[in-house]
There are 6 protein chains.
Amino acid sequence: MRDDGEISIFAGSTGKGFAEKMCSYLGTSLAKSEVITFSEGNTYVKAGETVRDKDVYLVQPIGLDPNNEFVEILFWMDAFKRASANSVTAIIPYFSYAKADKKDEPRVSIRARVCAECIELAGADRIVTMDLHSPQIQGFFKKPVDHLFALPVICEYIKGLKLENMIVVSPDAGFAKQARKYADYLGVSVAIGDKTRKAHDEKAEILEIIGDVKDKTAVIVDDFSLTGGTLANLAKALKEKGANRIIACLSHTLLNEQGVRKIEESPIELLVGTDTVCNSALTASSKIRIVSVAPLFAEAIQRIHSRESLSPLFSHVPEKCNNK
Amino acid sequence: MRDDGEISIFAGSTGKGFAEKMCSYLGTSLAKSEVITFSEGNTYVKAGETVRDKDVYLVQPIGLDPNNEFVEILFWMDAFKRASANSVTAIIPYFSYAKADKKDEPRVSIRARVCAECIELAGADRIVTMDLHSPQIQGFFKKPVDHLFALPVICEYIKGLKLENMIVVSPDAGFAKQARKYADYLGVSVAIGDKTRKAHDEKAEILEIIGDVKDKTAVIVDDFSLTGGTLANLAKALKEKGANRIIACLSHTLLNEQGVRKIEESPIELLVGTDTVCNSALTASSKIRIVSVAPLFAEAIQRIHSRESLSPLFSHVPEKCNNK
Amino acid sequence: MRDDGEISIFAGSTGKGFAEKMCSYLGTSLAKSEVITFSEGNTYVKAGETVRDKDVYLVQPIGLDPNNEFVEILFWMDAFKRASANSVTAIIPYFSYAKADKKDEPRVSIRARVCAECIELAGADRIVTMDLHSPQIQGFFKKPVDHLFALPVICEYIKGLKLENMIVVSPDAGFAKQARKYADYLGVSVAIGDKTRKAHDEKAEILEIIGDVKDKTAVIVDDFSLTGGTLANLAKALKEKGANRIIACLSHTLLNEQGVRKIEESPIELLVGTDTVCNSALTASSKIRIVSVAPLFAEAIQRIHSRESLSPLFSHVPEKCNNK
Amino acid sequence: MRDDGEISIFAGSTGKGFAEKMCSYLGTSLAKSEVITFSEGNTYVKAGETVRDKDVYLVQPIGLDPNNEFVEILFWMDAFKRASANSVTAIIPYFSYAKADKKDEPRVSIRARVCAECIELAGADRIVTMDLHSPQIQGFFKKPVDHLFALPVICEYIKGLKLENMIVVSPDAGFAKQARKYADYLGVSVAIGDKTRKAHDEKAEILEIIGDVKDKTAVIVDDFSLTGGTLANLAKALKEKGANRIIACLSHTLLNEQGVRKIEESPIELLVGTDTVCNSALTASSKIRIVSVAPLFAEAIQRIHSRESLSPLFSHVPEKCNNK
Amino acid sequence: MRDDGEISIFAGSTGKGFAEKMCSYLGTSLAKSEVITFSEGNTYVKAGETVRDKDVYLVQPIGLDPNNEFVEILFWMDAFKRASANSVTAIIPYFSYAKADKKDEPRVSIRARVCAECIELAGADRIVTMDLHSPQIQGFFKKPVDHLFALPVICEYIKGLKLENMIVVSPDAGFAKQARKYADYLGVSVAIGDKTRKAHDEKAEILEIIGDVKDKTAVIVDDFSLTGGTLANLAKALKEKGANRIIACLSHTLLNEQGVRKIEESPIELLVGTDTVCNSALTASSKIRIVSVAPLFAEAIQRIHSRESLSPLFSHVPEKCNNK
Amino acid sequence: MRDDGEISIFAGSTGKGFAEKMCSYLGTSLAKSEVITFSEGNTYVKAGETVRDKDVYLVQPIGLDPNNEFVEILFWMDAFKRASANSVTAIIPYFSYAKADKKDEPRVSIRARVCAECIELAGADRIVTMDLHSPQIQGFFKKPVDHLFALPVICEYIKGLKLENMIVVSPDAGFAKQARKYADYLGVSVAIGDKTRKAHDEKAEILEIIGDVKDKTAVIVDDFSLTGGTLANLAKALKEKGANRIIACLSHTLLNEQGVRKIEESPIELLVGTDTVCNSALTASSKIRIVSVAPLFAEAIQRIHSRESLSPLFSHVPEKCNNK
């Protein structure tokens with residue numbers, strides 16, 4: 001922000017909790033706003049205070065109710081622009097449609113690109129988000145994207161547990177590159193789960209573990225999980241290979257009720273996730289620990305505000321952003 | 001369409017019934033397609049047959065589940081464009097966000113414009129729709145909009161009832177201009193409901209009827225109704241003013257369960273609506289008669305296909321498009 | 001405006017008088033500029049002082065010479081942008097093409113949308129205007145539109161006349177909603193003119209008055225009038241219904257010579273209009289009183305400058321903006 | 001045009017005569033249309049027959065009433081596009097604002113670019129025009145421009161006069177390159193008028209003739225002339241240098257009444273111009289001969305229609321396009 | 001293509017050989033064109049025959065001279081559009097900047113998106129390419145991308161070698177998913193190279209082979225290689241692990257002179273690559289066999305021309321497209 | 001710039017020297033940056049320090065390696081925008097493709113427009129350049145272009161030489177208008193070179209000199225020269241006509257080795273050029289004197305920074321910008 005005006009943060013209907021944590025970090029209060037879903041299903045948004053020439057931040061994930069959340073973001077962008085905001089930043093802690101990032105079949109849509117373009121068309125000047133499914137998605141946006149990582153926050157939490165003899169485990173080859181970054185941060189080695197089919201029989205899949213996990217504390221890392229199936233199976237296989245204790249980490253804690261149950265019944269001792277989506281299903285399990293990345297987002301906005309570089313936040317998280 | 005290729009019609013998840021009626025009129029069959037809502041809420045669409053260089057028509061209202069329906073339309077447009085369709089027409093029998101067509105408060109969004117722009121951005125080359133809330137909304141689109149009217153279809157149905165001594169009634173001054181067109185088609189006169197507040201007491205509203213309805217068959221016309229409240233109150237007032245029988249007509253039959261109940265309990269004898277939205281609540285009442293405008297949309301497409309003017313359809317409906 | 005720079009106001013060829021009144025309110029002076037119409041009809045514009053990084057306001061109605069005025073606005077926008085202005089606001093007190101806001105016939109243009117798009121393409125970052133023919137037109141613009149209302153200025157003037165026993169009269173159903181707002185501001189009731197055709201005879205129209213005007217001071221309100229015909233006929237009908245005195249109010253005083261004559265010959269005692277267009281025909285009648293809305297526009301700019309909300313101006317006009 | 005449909009030609013309000021000559025060449029008839037200038041100055045256009053999926057050609061110069069003509073073109077483009085024309089070509093025989101093609105002073109507009117962009121925005125898919133003031137203006141358009149030349153038509157007419165001992169004369173250095181092309185076509189040499197100021201005295205300009213014109217038939221060529229001043233002075237100077245006879249040629253015959261008078265009083269024997277603008281002032285002089293370029297435009301459209309290259313028309317004009 | 005016109009194929013300066021092979025497959029001849037690089041380095045392109053209303057295909061890789069090749073494509077697109085081509089397809093067998101598809105460091109450009117956008121801006125209506133570095137890049141384009149795969153062509157060639165006891169080897173985890181597709185096509189299993197660092201010593205990397213390659217014919221697959229380093233090292237490691245014979249396959253054969261030498265000196269017996277780039281360095285080695293994918297591209301164009309689906313080409317290559 | 005932040009200047013790979021001279025004038029230091037050309041030819045750029053919310057200036061000519069330089073500019077624009085720069089100005093001292101500014105043949109590209117559009121698309125908010133080949137090119141850009149002139153810097157240098165009896169000579173009619181401006185600045189008269197062909201023999205061209213150069217010091221002026229041919233021939237002709245001494249001036253000193261040799265062997269005594277391109281060939285001749293226009297560009301930036309008008313720089317160069 002080019003002036004010395006205060007930070008003006010608004011929350012969409014499912015971003016309120018997250019936004020309040022950000023405001024608390026920044027010592028400011030959330031701007032007033034109103035969202036109504038009319039009986040015929042239409043969404044209505046209204047900013048409750050003037051935004052004329054202000055730099056507005058709208059906090060709203062595209063999470064567990066993605067279409068409603070996405071459409072609401074479009075209307076917010078338009079409302080702020082038509083109310084003469086100086087700039088509008090969409091803070092989308094989780095961007096669900098990022099998974100739909102390629103045309104791997106004929107006659108389908110690249111939905112992440114469609115969403116990115118519409119958000120920009122509606123008026124977003126900048127996007128702040130976390131752990132996109134693939135780094136290429138930044139290129140679906142024309143406007144600047146500040147792409148934060150949950151890694152340092154999660155790793156600092158893990159470090160605080162003072163676990164011994166850790167090894168980081170990727171569920172598959174696709175996440176291996178990312179898993180190595182967690183391993184590097186923690187100063188440990190890495191193992192990889194590898195599903196293969198036996199001969200040509202399509203159904204029966206064998207899950208093998210590449211790397212030695214015997215007597216280790218296995219720290220499984222992944223970007224998200226819905227049904228918990230992959231995590232539970234992997235945990236079981238790790239146990240069979242002699243792993244001592246099993247911890248799991250997720251960037252986006254999307255687990256539904258079935259998923260929470262699967263975790264509950266699995267050998268996983270503790271699942272560490274973030275609060276990028278607001279997920280009431282999680283409370284059903286005492287195994288799940290949510291660390292907040294809201295302070296990291298807040299710190300990012302403060303740096304944007306004071307024109308500082310965000311890149312330090314990518315590899316190292318400031319002390320005060322951590323969850324003790 | 002510039003070639004002699006056949007008409008290629010696809011249906012979105014809530015447009016299937018309407019599209020099938022169109023196909024039946026045209027003697028063609030609906031193109032294969034797939035829509036999935038994944039457990040995390042994401043919508044996925046896939047065209048089941050090649051659209052390369054074809055003129056594609058996608059039938060989907062933005063109706064009773066507007067955000068999901070709107071987002072699905074965006075993905076369909078993109079999927080068809082990326083699959084090299086020659087042109088893509090969005091057939092949106094009802095466009096719910098058309099109601100949100102102005103900025104009548106500070107800091108709100110003009111949501112109809114946002115939706116219009118995103119639909120065009122996603123790839124629509126033409127829009128075909130019916131009875132938009134205000135005619136100005138055509139101007140929110142840059143691409144051609146073929147704007148059809150339910151009036152001739154509804155009026156022909158009314159004429160078939162051979163009612164005597166009719167008068168058309170508009171629920172308020174806002175719809176008066178439109179009501180007069182119904183009256184002109186039916187060759188009868190018009191009355192208007194007028195809500196006014198007594199003195200400065202804000203709450204108590206009096207509903208007056210401008211025009212003489214005594215011993216008449218009152219035909220109330222409106223573009224849509226959700227809760228049936230306005231219709232029921234108007235019917236009661238008409239009865240009090242001596243109206244003989246009361247019929248109601250709606251372009252878009254959005255009535256929810258409460259609305260259907262209100263109609264059921266009201267002095268309204270018969271409610272004639274169209275099938276622009278698929279509304280399961282309607283079956284609860286035997287008073288409600290749905291006339292189909294799918295043949296009219298089908299006829300429009302056939303004329304587009306054969307490069308004929310659509311304007312004759314605006315004032316007069318072809319015999320075969322009527323509902324007997 | 002984000003800096004503390006002074007306000008930089010330019011006038012187009014037909015906006016000079018209005019702009020000067022604005023400058024006088026703001027205690028600033030009009031920026032130097034030059035407009036030439038060459039002998040072959042080409043329009044040439046030149047800003048007479050540097051606009052580099054300034055927030056420029058260009059005052060020019062699209063009024064009684066709409067095509068020349070519109071094209072001049074396009075050239076101004078481009079000239080300011082190419083001269084590196086920080087932002088350019090088009091102040092268009094009256095936007096004549098707003099009347100052409102829908103496609104009510106086949107094969108015509110939605111001219112208001114064409115003009116809106118071209119003005120934005122040429123470089124306008126914001127538009128400030130008054131009493132658009134329909135509120136939907138704001139949605140034809142993508143950029144923010146600050147839409148001011150003549151209502152409080154006109155009503156304050158009327159109040160100053162200390163008329164007794166007033167009633168507000170709308171010339172037709174279309175303006176009824178707006179007329180009620182005038183009535184609310186003045187704390188009086190409303191009546192409506194209603195033109196109907198007797199039976200099926202197309203020609204003979206009867207003008208009826210809905211509401212009781214007997215012994216009242218009728219205050220007719222409308223957005224504009226060219227030939228004065230509607231006003232004169234309505235006034236006559238009001239007189240016949242027993243109205244005591246008749247006052248008329250217009251947002252945009254477009255009356256041509258014939259119109260002024262019609263007013264002069266009518267039972268209208270006083271016509272109150274604004275100065276959104278510069279109209280030399282008006283001087284021919286002593287019945288016409290022009291109240292200036294330039295202070296209201298000036299106040300709007302000052303609020304834009306100091307980042308204040310404009311919405312208070314929509315319902316209430318600051319003391320110093322009034323015309324005594 | 002990709003189909004075998006007939007050519008559909010419309011005329012704007014000042015392009016009617018030219019369009020009719022084109023239709024006569026093509027053996028087709030002009031499409032029905034309506035243009036109204038309302039009493040408040042607004043322009044209204046309406047196509048009188050269906051254009052659905054047709055390739056439409058709109059004939060309208062931006063000539064002696066440039067702002068009205070330009071705005072009318074914008075509305076035509078929009079009307080055709082909204083009526084679902086397949087493609088729209090703007091045939092602008094003379095494009096007056098082409099003269100405003102650079103920013104040769106601070107804080108002015110590049111008006112030719114503004115016009116070009118607006119015409120494209122409004123819907124033009126192709127532009128056909130003649131003898132733009134500078135060839136760079138084609139680059140102001142993003143859409144294809146078919147740029148025709150009056151040269152072969154004018155030169156064929158000159159050839160038909162069977163003049164002896166010709167020399168082509170450019171009025172100044174700026175047109176020298178173009179004059180040489182006329183000279184090449186006619187197989188003669190070229191002379192150049194050169195205005196210089198004596199010493200530092202700013203006022204007194206001397207017109208010199210570079211090249212030997214003694215006993216020659218001087219054929220002055222230029223793209224346009226308004227007041228005839230340059231032509232008359234040059235003719236006088238040529239006479240003084242011993243030129244025998246003097247002929248003048250203009251691509252665009254914009255001469256106003258004063259200009260026609262100047263030509264009449266000058267030693268110019270014959271002025272050959274084209275009909276790219278409709279100019280009633282020309283009839284006042286018997287010295288002026290108008291050759292029609294409408295057949296050349298018609299031939300261009302026919303070639304566009306049959307997908308043939310236009311480039312042969314740039315250097316050589318078909319026999320049947322000539323004016324005998 | 002909507003008409004029955006013939007296929008019109010042009011070649012850029014480095015696409016000539018490839019385009020000629022395509023033309024030979026299609027039984028047509030290459031359209032005439034001219035490309036000049038002027039002495040000051042400017043690139044000039046000119047189509048040698050009319051393209052008016054034609055569907056033009058421009059064949060040009062962005063390969064070993066990427067900036068010149070990319071800029072040339074921009075100029076071609078513009079030239080075809082300005083010459084009124086009906087549609088322009090850029091056939092880019094190799095798109096070098098696809099590697100630059102993410103912002104993995106602060107303050108760098110997503111160069112693949114920049115190139116994609118410029119190519120579309122310059123006029124491309126469709127892109128046909130092969131084996132993009134990541135599938136997300138399709139989403140950088142707004143226009144349809146037909147994305148072909150070298151896999152079936154390469155695999156058919158490998159099958160023709162009738163090798164026994166094959167195993168497909170991916171050089172690293174990143175290409176593992178792709179390697180499995182090759183293995184599936186060939187009906188064999190897969191192994192993966194995995195580079196890891198010993199302890200925290202950053203330099204010393206160990207290359208391990210996951211999977212059993214003993215006595216197998218190892219078929220290494222990758223999308224491209226420049227210096228041959230990875231391939232040579234992997235081949236050595238495979239030999240050490242007991243592999244019998246070693247074959248390598250590359251989608252894009254970019255090997256420079258050093259790379260060719262490395263292959264020559266390695267245990268690799270045969271390197272199978274495609275002709276998507278024109279690479280004169282390859283002739284230095286008799287180990288390198290180039291199979292042409294030009295027939296596959298030609299077949300794709302034929303299907304586009306006859307409005308057939310391209311998807312069959314993604315998994316299976318037509319007999320006549322193979323290289324015997 | 002709207003804030004009081006310092007000026008942030010970056011250099012592209014061939015703009016380093018020029019940018020350093022600018023920084024030295026401004027008393028600031030060049031921002032850190034990195035440009036790599038990878039072995040496969042790809043260009044990579046990275047800003048070495050934060051640009052968040054800064055006003056960035058990128059200095060890079062499109063000069064003797066135009067395609068690489070142009071593509072690098074595109075990547076720089078994108079990198080700065082994605083790194084959240086507030087504004088990005090491309091300082092392009094020489095814009096080589098400006099020569100390609102028209103479609104003077106069928107089926108070619110208007111390459112200057114293509115480059116202009118891509119530079120804007122990639123993110124440039126403003127362009128600063130010098131002596132474009134034609135003034136119309138400013139109109140190819142939509143964003144503001146600050147167009148500087150070498151004339152005052154060159155003329156001040158010439159004045160410093162205290163030459164007697166000067167005459168300015170334009171090499172042809174095309175540059176005559178420009179030459180007169182040099183003559184006006186120096187207060188002397190002008191002569192023009194004129195190449196004509198004898199009869200219809202295409203080859204043999206005669207170079208004539210219009211104007212009297214006998215005993216004069218001829219100062220030839222031109223915008224650029226590659227091979228020096230025109231200059232050398234003109235010098236020879238001037239000598240033959242009796243010119244005493246011959247000086248040449250070029251805005252852009254593109255001379256290649258052959259060109260430098262030609263100058264060396266010609267009667268030209270001194271060639272004064274600017275440093276808009278970095279040209280190592282020039283050092284081979286002691287006749288060539290390079291005056292720097294970097295101070296003029298630096299002064300321009302300072303004025304942009306302090307929101308002053310640039311127009312004074314067009315006609316008069318500040319003392320401190322001169323080269324003594």
Side-chain angles (χ1 to χ4, degrees), chain D residues 98 100-117 132-142 144-147 170 172-180 183-184 187-190 192 194-200 202 208-211 309-315, chain F residues 98 100-117 132-142 144-147 170 172-180 183-184 187-192 194-200 202 208 210-211 309-315:
Chain D
D101 61 356
K102 57 183 162 294
K103 205 178 145 212
D104 44 10
E105 298 176 279
R107 284 164 263 119
V108 297
S109 168
I110 303 181
R111 291 164 285 152
R113 165 86 193 230
V114 173
C115 294
E117 275 193 289
L132 291 169
H133 189 58
S134 71
Q136 283 83 3
I137 290 157
Q138 249 185 300
F140 290 2
F141 290 92
K142 178 84 183 151
V145 176
D146 288 316
H147 189 197
S170 167
D172 54 32
F175 205 72
K177 203 177 163 190
Q178 203 57 26
R180 191 150 298 156
D184 285 351
V188 304
S189 58
V190 78
I192 303 172
D194 191 40
K195 260 180 282 187
T196 49
R197 279 185 238 108
K198 215 170 178 173
H200 285 98
E202 266 210 27
E208 304 205 5
I209 307 292
I210 303 171
S309 173
L310 293 200
S311 33
L313 299 183
F314 300 159
S315 53
Chain F
D101 61 356
K102 56 183 164 295
K103 206 179 144 212
D104 43 11
E105 298 174 279
R107 285 163 264 119
V108 299
S109 168
I110 303 181
R111 289 164 285 152
R113 165 87 193 230
V114 173
C115 293
E117 275 194 289
L132 291 170
H133 189 57
S134 71
Q136 283 82 3
I137 290 158
Q138 250 185 298
F140 290 3
F141 290 91
K142 178 84 182 151
V145 175
D146 288 317
H147 189 198
S170 167
D172 53 32
F175 204 72
K177 202 177 163 189
Q178 204 57 26
R180 191 151 298 155
D184 286 350
V188 304
S189 59
V190 78
I192 302 172
D194 191 40
K195 260 181 283 188
T196 49
R197 280 187 237 107
K198 216 173 177 170
H200 286 99
E202 266 210 28
E208 302 205 5
I210 302 170
S309 173
L310 292 199
S311 32
L313 299 183
F314 300 160
S315 53

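To find a chain, count down the sequence lines: A is the first, B the second, and so on, and within it residues start at 1. Please read all numbers here as calculations on a predicted model, not as lab measurements.
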Handout entry: Between F/Lys177, F/Lys103, F/Lys142, the one whose heavy-atom pairs under 4.5 Å with chain D are most numerous
Key = F/Lys142

Problem - Side-chain heavy atoms of D/Ile110 within contact of D/Phe140, under 4.5 Å - result: yes

Problem - Check: D/Ser109 and D/Val114 side chains under 4.5 Å, non-hydrogen atoms - result: yes

Handout entry: Expected output: side-chain F/Asp184 to main-chain F/Gly187 donor-acceptor under 3.5 Å
Key = no

Practice task
For F/His147 and F/Leu132, indicate whether the former's side chain and the latter's backbone hold a donor-acceptor pair under 3.5 Å.
Solution key: yes

Practice task
Enter the distance from F/Lys102:NZ to D/Ile137:CD1 here, rounded to the nearest 0.5 Å.
Solution key: 12.0 Å

Exercise for the section: Nearest 0.5 Å please: distance from the CZ atom of D/Arg113 over to the CG atom of D/Asp101. Expected result: 13.0 Å

Problem - D/Glu117, part contacting chain F, at a heavy-atom distance under 4.5 Å - result: side chain

Handout entry: Best-contacting candidate, F/Gly139, F/Ser189, F/Ser311, F/Pro144, against chain D by heavy atom pairs under 4.5 angstrom
Key = F/Gly139

Handout entry: Contacting region of F/Pro106 [heavy-atom separation from chain D under 4.5 Å]
Key = side chain

Practice task
Flag the one option from D/Glu105, D/Gln138, D/Arg107 with the top tally of heavy-atom pairs under 4.5 Å to chain F.
Solution key: D/Gln138

Fill in the blank from the handout: Counting heavy-atom pairs under 4.5 angstrom with chain F, the leader among D/Ala112, D/Ser134, D/Ala116, D/Ala176 is D/Ser134

Practice task
Below 4.5 Å from any heavy atom of chain D, which atoms of F/Ser309 appear? Answer side chain, backbone, both or neither.
Solution key: side chain

Problem - Part of F/Phe141 lying under 4.5 Å from any heavy atom of chain D - result: backbone

